[in-house]
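See below for the structure under consideration.
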Amino acid sequence: MNTRYQPGLRISEYILESLLGRGAFGEVWQARHHVWDSERVAVKLPTEPDYVRYLRSEGIVVHGLRHPNIVRVIGLDPYADTPYLVMELVSGPSLRDVINEHPKGLRLPVLLTILRGVLTGLGVAHAGGVVHRDLKPGNVLLNLGPRPLVELRVEDVKVGDFGLGVK
C-alpha cells in the first residue's frame, strides 16, 4: 500500500507506528504518545491537500458527541504543517471485516448487538444535530480486543468516520 506518511513521523504529541487503513480522503494510523508509550490512539491524515476540509469537518461535527457507541475525537488541527485528527484507538475489526470473514452470515445475537450499538450511536448523533451520511460496514468498528465475536457487547460497537457528516 503506497502512503505518503511513514512510521516514526511525529504528529503533534504522537508518533506514527503502523498504517491501520486507507479511505477515500485519508489514512488512519496507529500512534503512540511520545512520552507515555502505553497510550495509543488513531490518527487520521489527509492524503491530498484538498481533503483537509473533510478532516476539519469531521472534527467539528463529532466534537461534543461523547458516547461509548461513537468513536471519540481527542484532537484536531487542520492548520498544522501536517493536518491531523486524533481519535480513540478501537482494538478490533470493522463490521466489513467481520462480514467478509463470515460469508454465511452472523448469528442473530451478534447481529442484534451490532444493530443496538449502531442505532444507539446514531441516535446520540441525531440528538446532537449530526447526520452521518456515510454509514456502511467499514465505518462501524467492533472494540473486541482479544475476545471472540460471541462476547461482543453493545458498548463495543462504535460508529466512526463522520467525514461526510453534517451538523
Side-chain angles (χ1 to χ4, degrees), residues 1-33 40-103 106 114-115 117-122 124-126 128 130-145 149 152 156-167:
M1 186 177 286
N2 193 11
T3 176
R4 65 181 274 200
Y5 305 105
Q6 298 298 320
L9 177 66
R10 183 168 171 170
I11 304 293
S12 183
E13 68 254 45
Y14 299 98
I15 310 292
L16 299 185
E17 292 186 318
S18 59
L19 182 65
L20 296 173
R22 187 178 178 102
F25 302 114
E27 297 176 352
V28 178
W29 284 77
Q30 177 176 308
R32 67 173 168 78
H33 193 274
R40 298 292 193 276
V41 296
V43 178
K44 185 180 280 191
L45 305 167
T47 50
E48 298 292 334
D50 291 346
Y51 298 161
V52 173
R53 65 185 169 140
Y54 296 107
L55 191 77
R56 181 180 180 278
S57 174
E58 180 173 4
I60 289 170
V61 164
V62 178
H63 179 73
L65 293 180
R66 302 268 194 277
H67 192 272
N69 295 117
I70 296 174
V71 175
R72 185 171 56 98
V73 169
I74 298 167
L76 168 69
D77 190 348
Y79 309 109
D81 288 339
T82 302
Y84 64 86
L85 177 69
V86 179
M87 305 167 289
E88 75 174 293
L89 179 64
V90 178
S91 179
S94 71
L95 179 55
R96 179 184 62 213
D97 296 335
V98 170
I99 289 169
N100 289 339
E101 290 173 13
H102 298 86
L106 299 171
I114 293 169
L115 187 59
V118 169
L119 292 176
T120 301
L122 290 177
V124 168
H126 290 182
V130 174
V131 178
H132 192 286
R133 297 193 333 162
D134 192 28
L135 186 63
K136 58 188 177 187
N139 292 339
V140 175
L141 304 175
L142 307 179
N143 196 25
L144 281 169
L149 191 58
L152 183 71
D156 296 326
V157 179
K158 298 189 174 277
V159 178
D161 199 346
F162 282 79
L164 297 177
V166 292
K167 191 167 191 170

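Please read these numbers as outputs of a predicted model, since none were measured by experiment.
Atom CG of N139 sits about 7.0 Å away from atom CG of L135, to the nearest 0.5 Å. In this structure, L152 CG and N143 CG are separated by 9.5 Å, a value rounded to the nearest 0.5 Å. Interatomic distance, CD1 of I70 versus CG of L141, reported as 12.5 Å (0.5 Å rounding). One finds the CG atom of L106 at 10.0 Å from the CD atom of E101 (value rounded to the nearest 0.5 Å). To the nearest 0.5 Å, atoms CG (L85) and CG (D77) are separated by 10.5 Å. For the atom pair K158 NZ and S94 OG, the distance stands at 15.0 Å (nearest 0.5 Å).
Side-chain atoms of V86 and V73, non-hydrogen and from C-beta on, never get closer than 4.5 Å to each other. Using a 4.5 Å heavy-atom threshold, the side chains of T120 and H67 count as touching. Side-chain contact between V157 and V118 is present, with at least one heavy-atom pair separated by less than 4.5 Å. The shortest distance between side-chain heavy atoms of L89 and L20 falls below 4.5 Å. Residues Y51 and P83 are not in side-chain contact: their nearest non-hydrogen atoms beyond the backbone lie 4.5 Å or more apart. Within the 4.5 Å cutoff, side-chain heavy atoms of V41 are placed close to those of I74.
For K44 (side chain) and Y84 (main-chain N/O), no donor-acceptor pair under 3.5 Å exists by modelled atom type. The backbone N or O of L45 lies less than 3.5 Å from no partner atom in the side chain of E27, so there is not a single donor-acceptor pair. With H132 contributing its side chain and G160 its backbone, the two residues share a donor-acceptor pair below 3.5 Å. D156 contributes no side-chain N or O that, together with a main-chain N or O of L142, makes up a donor-acceptor pair within less than 3.5 Å. The main-chain N or O of P137 is never found under 3.5 Å from a side-chain atom of R96 such that the two would form a donor-acceptor pair. In this structure, the side chain of D134 does not engage the main chain of F162 through any donor-acceptor pair within 3.5 Å. Judged by distance alone, the side chain of H102 and the main-chain N or O of V98 form a donor-acceptor pair under 3.5 Å. Judged by distance alone, with hydrogens and angles left aside, the side-chain atoms of Q30 form no donor-acceptor pair with the main-chain N or O of A42 at under 3.5 Å.
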Side chain to side chain contact (heavy atoms under 4.5 Å, CB included) evaluation trace for L16 with I11: CA-CA 7 Å; L16 299 185; I11 304 293; 4.0 Å; yes

Criterion side chain to side chain contact (heavy atoms under 4.5 Å, CB included) on F25 and T47, from CA distance to verdict: CA-CA 6 Å; F25 302 114; T47 50; 5.7 Å; no

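Between G165 and V61, the shortest heavy-atom distance links the atoms O-CG2, 3.6 Å. Summarising the geometry of Y14 relative to A31, their closest heavy-atom pair is CB-CB, 3.9 Å, with the distance given to 0.1 Å. Closest heavy-atom contact between P46 and Y5: O-OH, 2.5 Å. Contact between Y54 and G163 at its shortest, heavy atoms only, is CD2-O, 3.8 Å. When every heavy atom of L144 is checked against every heavy atom of P93, the shortest pair comes out as CD1-CD, 4.2 Å. Here the closest heavy-atom approach between residue M87 and residue V28 is recorded as CE-CG1, 4.4 Å.
At most 12 heavy atoms of other shown residues, nucleotides or ligands fall within 6.0 angstrom of atom NE2 in H63. Remark: R56 CZ is loosely packed, at most 12 non-hydrogen atoms of other residues, nucleotides or ligands lying under 6.0 Å away.
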